[in-house]
Amino acid sequence: MSDTFAWTRAREAKLRAYFGLPEGVELTPNMREPELSDSGRSAFEHYGFDWYAIPAEEVQPFDDAYLRRCYPSAGPAFLAPVRHGASVYQSVVAGHRRHMG
């Protein structure tokens, strides 16, 4: 297991605590370390890329409570359309739904 992947697993433990989930809950079932070439792995280490764990929908629903907890400073502009497009809220929902299924 690479250092990056081990870091992700450690980060998941912090997310479990943040959401009040039991220790044994798998936040990202079926997650596996990506296969990177030597140059790809070097780039990740050089530029300091991080992995982010978005909990699966069945583990942590993406609902109003999730939004209040993760976006506590979201004001009215969070719901307003941005330059004739989706609002920040709609973009966040779409991104999570894509990941969570």
Side-chain angles (χ1 to χ4, degrees):
M1 181 181 303
S2 74
D3 289 339
T4 301
F5 198 65
W7 179 90
T8 301
R9 291 299 184 190
R11 192 79 185 126
E12 283 184 339
K14 290 182 179 186
L15 280 171
R16 271 188 218 90
Y18 181 75
F19 286 115
L21 299 169
E23 180 61 33
V25 171
E26 182 67 29
L27 289 179
T28 53
N30 305 317
M31 185 176 101
R32 58 183 179 28
E33 183 176 5
E35 295 178 22
L36 298 172
S37 66
D38 289 341
S39 63
R41 191 166 301 283
S42 292
F44 267 77
E45 291 169 7
H46 177 75
Y47 292 107
F49 288 111
D50 291 333
W51 298 107
Y52 293 91
I54 297 173
E57 175 75 16
E58 62 271 10
V59 173
Q60 179 59 56
F62 186 75
D63 54 14
D64 287 339
Y66 182 98
L67 286 168
R68 280 192 303 276
R69 182 180 293 257
C70 294
Y71 301 92
S73 62
F78 191 67
L79 301 173
V82 179
R83 295 190 181 224
H84 308 294
S87 67
V88 172
Y89 168 77
Q90 290 168 323
S91 297
V92 168
V93 168
H96 278 262
R97 293 286 179 236
R98 238 185 338 268
H99 165 73
M100 294 175 158

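- Enclosure of atom CG in Asp38 is not indicated, since only 12 or fewer non-hydrogen atoms of other residues, nucleotides or ligands lie within 6.0 angstrom.
- By the neighbour-count criterion of 12 heavy atoms within 6.0 Å, atom CZ of Phe19 is densely surrounded, having more than that number from other residues, nucleotides or ligands.
- Ring-plane geometry between Phe78 and Tyr71 is classed as tilted, the angle between the planes lying from 30 to 60 degrees on a 0 to 90 degree scale.
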